[in-house]
Protein chains: 2
Amino acid sequence: MTEKTFTESIEMYLKTLAEAGLGEPIAIGKIAEKLNITPVSANEMVQRLSRQGLVRHTPYKGVELTKKGRGVAVDVIRRQRLWECFLLEHLNLEWSQVYDFACSLEHATAPIVTEALAKFLGFPKTCPHGNPIPDENGNFEILDGIPLPAIEVGKNVIVQSIKHPPGDVLAYLQERNIMPGQQLQIAEVAPMEGPLTLEINGREVALGLNIAEFVNVTLCEE
Amino acid sequence: MTEKTFTESIEMYLKTLAEAGLGEPIAIGKIAEKLNITPVSANEMVQRLSRQGLVRHTPYKGVELTKKGRGVAVDVIRRQRLWECFLLEHLNLEWSQVYDFACSLEHATAPIVTEALAKFLGFPKTCPHGNPIPDENGNFEILDGIPLPAIEVGKNVIVQSIKHPPGDVLAYLQERNIMPGQQLQIAEVAPMEGPLTLEINGREVALGLNIAEFVNVTLCEE
DNA sequence: TAAAATGTTATGGCTGCCCTTATTATTCCA
DNA sequence: TGGAATAATAAGGGCAGCCATAACATTTTA
Ligand SMILES: [Mn+2]
Ligand SMILES: [Mn+2]
Ligand SMILES: [Mn+2]
Ligand SMILES: [Mn+2]
């Protein structure tokens, strides 16, 4: 139980893989894009990770986490989501900003600190974006939410979670109140992969399909 | 106001200089020792810092922070000491451990987070070891405590602060209750640079001179 | 099935930050 | 004042993690 520790770069690769892929292998190009590096560099790094037994790489097919790699990734995710809770609930920082701030802190947090933080927060089950927080053993429940574009027009739904989107999308969603717990209705779906029109608190809000993909919802009862 | 950001290594060099020297230049060897690197490497790095205008290096004399370098150092110290408060008071971690944990977090903390943390903590004036926390503008009061070895036998004193010592010294002091606020008396001073014998809560405690140098105290009234 | 897209490998380069060994310069102290 | 201690410089190296460019392999797609 030496509790080996990994570099920030390695942790980010593993977290990125875990966030992106729930089973199926991830293409090198996708990884490069998400981490904002060149595909050649991503390829190099994946080889290093492979040598360390953290990922499995099938050339031309993609990259998958090994059990060991997933363990590290889940641990990083736990740290990040706990910090997100702290930053939002106790430091009152912006919902749209806590992901990025926590993404720095996650690499500077020892196990003892992580567990003390979890206790302080009361062992929260989800982060402010509705994503599950793994427990100390790496276990977490998989959400039953459905991507917003899969919902029929007219249905009432409640936002369950927001997958981590690139760039300024979180700020965009926050401005429009598209956050976990928010109830809304799909008013209209434009043809030809067009935007959704939502009704939120009596206001109409247009949302592009690409962004809507990041929003998971559950159908309202009744 | 681009708020340039520095590497962890640079921040540690600057913080080390600020913690060690209150005016007089610091020898390269001292820096190397504190950062656990070779003097040759320290020399190299000091040259890089010099080129960046963060320190002034007079060959064979020593290294001093520039105004710019001191600004960065004070900012790092602020972040660290705020985190120390949080870790001790809210996460209930060990007094002897919070310095090291905070030393990781300090490099991963954006200005917005720092200020929100300061507010959350109620703008504490000192860290758990009694050292002052600079304010947002980098200002702080210099303590009036005296190193323990400078006190006469028989005097009652109160521990004001503990300078950051190397290695396991903090744990050693915690076990013996030598922490800020603790009242104690110098019972005896052994000759030949020998240890001090202290009376703490009715118990006698021996403390080596080297360690006692890290303990700053104030004389008791009355 | 051929062209386009994507992935892989090779080569060479870069920065940051650390190392060792050896030589030379300066300062301190007895 | 001369030797010991400390500091500086030079030369060569290593590792992590990125970059670009070019050649080649595979897969996708139209
Ligand atoms: Mn991160
Ligand atoms: Mn989140
Ligand atoms: Mn540090
Ligand atoms: Mn402290």
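The sequence lines fix the lettering, A, B, ..., with proteins before strands; numbering per chain opens at 1.
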*asked:* Taking 4.0 Å as the cut-off, does a side-chain nitrogen or oxygen of A:Asn43 come that near to OP1 or OP2 on C:dG7?
replied: no

*Is the closest side-chain heavy-atom distance between B:Leu91 and A:Ile112 below 4.5 Å?*
no

*Can you tell me the distance, in whole Å, between the CD atom of B:Glu44 and the P atom of D:dG12?*
14 Å

_Classify B:Tyr13 by what it touches in the nucleic acid, base, sugar-phosphate, or nothing, heavy-atom distance under 4.0 Å._
sugar-phosphate

*asked:* From C-beta outward on A:Tyr60, which listed nucleotide comes closest to its side chain: D:dG17, D:dA25, D:dA7?
replied: D:dA25

*Identify whether any heavy atom of B:Gln47 sits under 4.0 Å from a base atom; if not, whether one sits that close to sugar-phosphate; answer base, sugar-phosphate or nothing.*
sugar-phosphate

*Does any donor atom in the side chain of A:His129 or A:Tyr99 lie under 3.5 Å from an acceptor atom in the other side chain?*
no

*Would you check, one step at a time, whether the test ring pair (Phe, Tyr, Trp, His ring centres under 6.0 Å) holds for B:Phe86 with A:Phe86?*
CA-CA 12 Å; B:Phe86 172 71; A:Phe86 173 70; 4.6 Å; yes

*Grab the CD-P distance between A:Glu33 and C:dG7 for me, whole Å please.*
10 Å

*Can you tell me the distance, in whole Å, between the CZ atom of B:Arg48 and the C1' atom of D:dT9?*
15 Å

*Could you tell me the separation between the CE atom of A:Met45 and the P atom of D:dC19, rounded to a whole number of Å?*
12 Å

*asked:* Under 4.0 Å, heavy atoms only, any strand: does B:Pro39 hit a base, just the sugar-phosphate, or nothing?
replied: nothing

*Can you check the B:Gln52 CD to C:dT15 C1' distance for me, whole Å?*
12 Å

*asked:* So B:Ser41, base contact, sugar-phosphate only, or nothing? Heavy-atom distance under 4.0 Å.
replied: base

_C:dC18 OP1/OP2 closer than 4.0 Å to side-chain N/O of B:Thr38_ = no

*Measure the distance from NE2 on A:His107 to P on D:dA16 and round it to the nearest whole Å.*
18 Å

*Residue whose closest nucleotide on DNA chain D lies nearer the 5' end, A:Glu8 versus B:Thr58*: B:Thr58

*Nearest-Å distance, NZ (A:Lys30) to P (D:dT27)?*
18 Å

*Separation of C:dC18 P from B:Met12 CE (nearest whole Å)*: 11 Å

*Presence of A:His57 side-chain N/O under 4.0 Å of C:dG7 phosphate oxygens OP1/OP2*: no

*Per the side chain to side chain contact (heavy atoms under 4.5 Å, CB included) rule, which among B:Asn216, B:Ile178, B:Val215 passes with B:Leu148?*
B:Val215

*OP1, OP2 of C:dC17 versus side-chain N and O of B:Thr7: anything below 4.0 Å?*
yes

*asked:* Does A:Lys61 reach a base, just sugar-phosphate, or nothing at all? Heavy atoms under 4.0 Å.
replied: sugar-phosphate

*Evaluate the ring planes of A:His90 and B:Phe120, with Trp represented by its six-membered ring, and classify them as parallel (under 30°), tilted (30 to 60°) or perpendicular (over 60°).*
perpendicular

